[in-house]
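Input: a single structure, listed below in structure tokens.
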Amino acid sequence: MSIDNQKTVILIGAKGNMGQAALSGLRKHKVITASRSGEGCDYKVDITSEESLRKLYEDVGHFDAVVNTVGYCEYAEFTEMTEEQWNNTIQSKMIGQINIVRVGQEYIADNGSFSLITGILNIKPIPYAIADATTSGAIDTFVKCVAFEMPRGIRINSINPTVLEEAWDVYGEMMPGFHPVPGFLVGKAFERSVDGFITGQVLVVDAY
Ligand SMILES: NC(=O)c1ccc[n+]([C@@H]2O[C@H](COP(=O)([O-])OP(=O)(O)OC[C@H]3O[C@@H](n4cnc5c(N)ncnc54)[C@H](OP(=O)(O)O)[C@@H]3O)[C@@H](O)[C@H]2O)c1
């Protein structure tokens, strides 16, 4: 880490809606971007593959923080949701994020940090979102508890936002009574996680 507190931050899912929100809070840092396709990013990574995550960390070399904004979810009524749909969601939003940390703690710098993504639906449930809600709840619990076991001063937090203004046209109809937040506000939560000293925290960003 340099004298002006500039850190090297790996941002996974950088081109997505949540990735762009996170990026707004990371402006002062050297940000290394990655996504599954690698389009418009520095690296390609598939968070559902341990081998791919290991390759990303080895290729990047030194880094102080990992910000993940990836967590693919399938949506259906609980009575209709298949085991495959559950597995797809669990492998990405839950196990994928746990593996980012499990593998990443071997490589990240001393006193580094992990910031994971969850989402308001485990606090404010809506129809069709049981897999998203369940895996978000699992990750919020994971960060609260694993913080006690992180070695070498490494910190970990999750960011639990409501829907973004930038995504309201896609999700708004599914979410009556919700109010979106601007991406820059969610960026502030990522900034607090990366630049602060907090650990084991769930940073909820909601409109009310
Ligand atoms: N959007 C919202 O308002 C909102 C609010 C709260 C929580 N969230 C949560 O935030 C997360 C991201 O949502 P989003 O709206 O940003 O989605 P998005 O706009 O569809 O972006 C998804 C990003 O994830 C990448 N990605 C997908 N699968 C991947 C994998 N296996 N490995 C690596 N990268 C992968 C995609 O990369 P490629 O394009 O290269 O495939 C893309 O950059 C979700 O878990 C969602 O529940 C979103």
Side-chain angles (χ1 to χ4, degrees), residues 10-25 31-57 59-60 66-76 85 87-101 103-104 115-126 128-140 142-143 157-175 178-190 193 202-207:
I10 301 178
L11 172 57
I12 307 177
K15 289 289 170 188
N17 280 316
M18 196 50 73
Q20 290 296 296
L23 189 61
S24 71
V31 179
I32 293 171
T33 56
S35 80
R36 183 175 45 191
S37 70
E39 271 169 39
C41 291
D42 301 312
Y43 290 93
K44 241 174 136 159
V45 70
D46 179 355
I47 71 158
T48 65
S49 157
E50 172 168 350
E51 190 189 355
S52 177
L53 284 168
R54 211 169 269 288
K55 180 165 174 23
L56 172 72
Y57 294 137
D59 288 350
V60 169
V66 178
V67 170
N68 179 59
T69 62
V70 176
Y72 173 75
C73 300
E74 300 230 7
Y75 296 89
Q85 287 178 302
N87 275 334
N88 289 339
T89 307
I90 288 167
Q91 286 306 317
S92 185
K93 194 147 188 173
M94 184 179 151
I95 304 295
Q97 295 209 86
I98 291 172
N99 281 344
I100 284 170
V101 179
V103 178
S115 304
L116 304 183
I117 188 67
T118 59
I120 205 73
L121 301 178
N122 68 319
I123 301 170
K124 293 180 170 178
I126 62 167
Y128 303 103
I130 188 64
D132 184 343
T134 303
T135 51
S136 285
I139 290 298
D140 283 348
F142 170 68
V143 304
N157 300 292
S158 62
I159 315 304
N160 186 329
T162 193
V163 64
L164 294 169
E165 277 180 2
E166 293 81 354
W168 186 245
D169 56 338
V170 180
Y171 299 110
E173 214 168 306
M174 288 172 70
M175 306 177 73
F178 284 70
H179 193 79
V181 291
F184 82 86
L185 218 53
V186 180
K188 292 282 175 201
F190 281 102
S193 177
V202 176
L203 305 185
V204 174
V205 187
D206 199 359

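As the structure lists them, so they are numbered: ligands from 1, and atoms in each ligand from 1. Worth knowing before you read on, the calculation uses all heavy atoms, side chains too, and leaves out hydrogens, waters and symmetry mates. From a predicted model like this one, the values you see are computed outputs, not experimental measurements.
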Measure T162 to ligand 1 on non-hydrogen atoms and call it side chain, backbone, both or neither using the 4.0 Å cut-off.
backbone

Can you pull out the closest protein heavy atom to atom 12 (C) of ligand 1? Residue, atom name and distance to 0.1 Å, please.
T69 O, 3.0 Å

Quiz question: by atom type and distance under 3.5 Å, do the side chains of N157 and S193 form a donor-acceptor pair?
yes

Who's closest to atom 9 (C) of ligand 1 heavy-atom-wise, of V45, T48, T118?
T118

Which part of N17 is near ligand 1, with near meaning a heavy atom under 4.0 Å away: side chain, backbone, both or neither?
both

State the atoms of ligand 1, each with its element, that fall below the 4.0 Å cut-off from a heavy-atom position in P161.
6 (C)

Does only the side chain of K93 get under 4.0 Å from ligand 1, or the backbone, or both, or neither? Count heavy atoms.
side chain

Hydrogens and angles aside, do T118 and N122 bring a side-chain donor and acceptor to less than 3.5 Å of each other?
no

Considering only heavy atoms, does A167 approach ligand 1 within less than 4.0 Å through its side chain, its backbone, both, or neither?
side chain

List the steps and the verdict of side chain to side chain donor-acceptor pair (under 3.5 Å) for Y75 and D132.
CA-CA 8 Å; Y75 296 89; D132 184 343; 2.6 Å; yes

Which atoms from ligand 1 have a heavy atom of S37 less than 4.0 Å away?
38 (P), 40 (O), 41 (O)

If you take the nearest heavy atom of each of S52, A133, G16, G38, which one is closest to atom 43 (O) of ligand 1?
G16

Nearest protein heavy atom with distance in Å, relative to atom 44 (C) of ligand 1:
G71 O, 3.2 Å

